[in-house]
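A short worksheet on the structure shown next.
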Amino acid sequence: MSSAQPLSVLVADRDGETRDALSAFLFEEGFQPTELADPSKAPSAIKDGRYQMVLLDLGEPEVDGVSVLEKI
């Protein structure tokens, strides 16, 4: 049995159903997901937290996902 910490994943998406589904899947697969409803806040959340992976919706109509990715 492994004593390794689960990988921490930030799930940044405005769509609550998508966030919930992704988080549930990640949790079942042994990851530690954190949900973020406002993708534009992802860069500051990453500075405050410790994430090994970020799932970011690049096609957000209200937020330019590519510019958020560049800030990350």
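Just so it is clear, the structure is predicted and the values come from calculations on it, not from any experiment.
- Across every non-hydrogen atom of A45 and L10, the tightest pair is CB-CD2, 4.2 Å.
- Contact between P39 and A37 at its shortest, heavy atoms only, is CD-O, 3.4 Å.
- Connection of L7 to L26 is established within a shared hydrophobic cluster, with ILVMFWY side chains joined at heavy-atom distances below 4.5 Å, either directly or through further cluster members.
- Note that the OG1 atom of T18 and the CD atom of E35 stand 10.5 Å from one another [nearest 0.5 Å].
- The existence of a salt bridge linking D38 and R14 is confirmed by a sub-4.0 Å separation between a basic side-chain nitrogen and an acidic carboxylate oxygen.
- Separating the CE atom in M53 from the CZ atom in F31 is a distance of 4.5 Å, to the nearest 0.5 Å.
- Every pair tested for side chain to side chain donor-acceptor pair (under 3.5 Å) that includes a residue from residues 44-55 fails, sequence neighbours excluded, so the list is empty.
- Between V66 and L58, the shortest heavy-atom contact is N-CD2, 4.1 Å.
- Taking 4.5 Å as the limit, some side-chain heavy atom of P43 sits within range of a side-chain heavy atom of V68.
- Neither L69 nor V11 shares a network with the other; the hydrophobic side chains, linked directly or stepwise wherever heavy atoms of I, L, V, M, F, W or Y lie under 4.5 Å apart, form separate groups for each.
- Here the CG atom belonging to L55 is positioned 11.5 Å from the OG1 atom belonging to T34, to the nearest 0.5 angstrom.
- Of all heavy-atom pairs spanning G65 and L56, the tightest one is O-CD2, 3.8 Å.
- Under the 4.5 Å side-chain heavy-atom criterion for ILVMFWY residues, a single connected hydrophobic cluster contains both L36 and V54.
- No donor-acceptor distance shorter than 3.5 angstrom exists from the side chain of S23 to the backbone of D20, with no hydrogens or angles considered.
- In this structure a side-chain-to-backbone donor-acceptor pair under 3.5 Å is present from R19 to D13.
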